[in-house]
Amino acid sequence: MRIATYNVNGIKARIERLVDWLGRARPDVVCLQELKSEDAGVPRGPIEDLGYHLETHGQKGFNGVAILSRLPLSDVVRDLPGDAGDEQARWIEATVEGPRVVRLACLYAPNGNAAPGPKYDYKLGWMARMEARAADLLRSEMPVVLAGDYNVIPADIDAARPAAWVADALALAPSRAALRRIAHLGYGDALRLRHPGPGLYTFWDYQAGAFARNDGIRIDHLMLSPQAADLLVDAGVDAAERAAERPSDHVPVWIDLGG
DNA sequence: ATGGTCGCAAGGCGA
């Protein structure tokens with residue numbers, strides 16, 4: 001069973017790219033981020049034509065997440081608990097009824113710039129709420145996958161030019177610590193479990209020819225509960241998608257779960 | 001380089 005995460009940076013602008021990639025990569029389940037569209041504006045038809053169910057949590061203009069699945073989905077939950085006043089669409093959860101039953105969360109963590117400031121405070125508060133939810137999900141003892149755009153560069157090895165990010169919300173020490181707290185609950189970074197070396201990136205800025213210079217960072221992650229990590233067979237990054245016509249600034253990241 | 005490039009949606013914000 002292949003599960004992927006892909007920050008599309010606008011579902012309307014990316015639908016042709018997305019459909020093309022789905023047809024080639026044939027993932028069973030996909031977590032999408034940055035729809036930048038309300039639910040009614042999501043072009044469902046071309047996705048459903050490929051055999052995917054579609055559960056969206058959209059927002060006009062900004063944010064927005066969705067889970068696509070060729071396998072049945074159940075118990076869909078929208079929004080991250082812990083702040084009833086938070087109206088940003090950054091979280092959707094579902095149970096994937098596959099060969100193994102997996103609880104899957106699709107997340108779009110706040111960027112947090114400029115730091116320090118109110119946006120950075122929101123980022124850290126959101127990450128703390130995510131940690132609490134991640135701990136709750138472990139109690140089910142199901143395989144749990146937390147997949148999405150974390151907007152955190154876990155360590156210097158995850159940036160081509162780490163010095164360029166030292167004052168950025170994506171790399172500041174409290175941001176990295178927030179991600180490590182989730183790891184310390186028992187969640188493993190799937191890409192790192194399979195690929196320990198440098199040069200693995202999932203985002204290249206549109207500006208200044210970042211992709212041509214391979215000036216990338218790794219901020220899209222699939223974190224696996226112990227029961228999910230036991231099933232991990234392979235993981236990878238579809239970096240070639242960044243070279244396609246009208247690409248997102250992120251590329252798909254995927255895992256294969258066996259068992 | 002207080003620039004640069006995108007998407008959304010029709011001016012400026014978010015990234």
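Below, read A as the first sequence line, B as the second, and so on, with proteins coming before strands; counting in each chain starts at 1. Keep in mind that this is a model prediction, so the values were computed, not measured.
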Quiz item: What is the nucleic acid contact for A:Phe203, judged by heavy atoms within less than 4.0 Å: base, sugar-phosphate only, or nothing?
Solution: nothing

Quiz item: A:Asp256: what forms a salt bridge (Lys or Arg N to Asp or Glu O under 4.0 Å) with it, not counting sequence neighbours?
Solution: A:Arg2

Quiz item: Is the shortest side-chain N to carboxylate O distance from A:Glu16 to A:Arg246 below 4.0 Å?
Solution: no

Self-check item: Interatomic distance at P, B:dT2 relative to B:dG12, whole Å
Solution: 22 Å

Self-check item: C1' atoms of B:dG4 and B:dG14, separation to the nearest Å
Solution: 16 Å

Practice problem: Give a yes or no on this: more than 12 heavy atoms of other residues, nucleotides or ligands lie within 6.0 Å of atom CD of A:Glu97. | Solution: yes

Quiz item: Under a criterion of less than 4.0 angstrom to any heavy atom of chain A, what are the 5'-terminal and 3'-terminal contacting nucleotides of DNA chain B?
Solution: B:dG4 to B:dA15

Quiz item: With sugar-phosphate meaning primed atoms plus P, OP1 and OP2, does A:Arg90 contact a base, only sugar-phosphate, or nothing at under 4.0 Å between heavy atoms?
Solution: sugar-phosphate

Exercise. Starting from the 5' end of DNA chain B, give me the residue, A:Gln207 or A:Leu35, whose nearest nucleotide shows up first.
Key: A:Gln207

Self-check item: Inter-nucleotide P distance (B:dA15, B:dA9), Å rounded
Solution: 15 Å

Exercise. Considering only atom C1', compute the distance from B:dC6 to B:dG11 and round it to an integer number of Å.
Key: 16 Å

Quiz prompt | Nearest-angstrom distance, P atom, B:dA1 to B:dA10 | solution = 37 Å

Quiz item: Is it true that the side chains of A:Asp238 and A:Trp21 contain a donor and an acceptor less than 3.5 Å apart?
Solution: yes

Quiz prompt | Short side-chain donor-acceptor distance under 3.5 Å, A:Trp165 and A:Asp156 | solution = no

Practice problem: Could you pick out which residue, A:Lys12 or A:Asp249, lies toward the 5' side of DNA chain B when each is mapped onto its nearest nucleotide? | Solution: A:Lys12

Quiz item: Do A:Val30 and A:Leu222 belong together in a cluster built from hydrophobic side chains that touch within less than 4.5 Å?
Solution: no

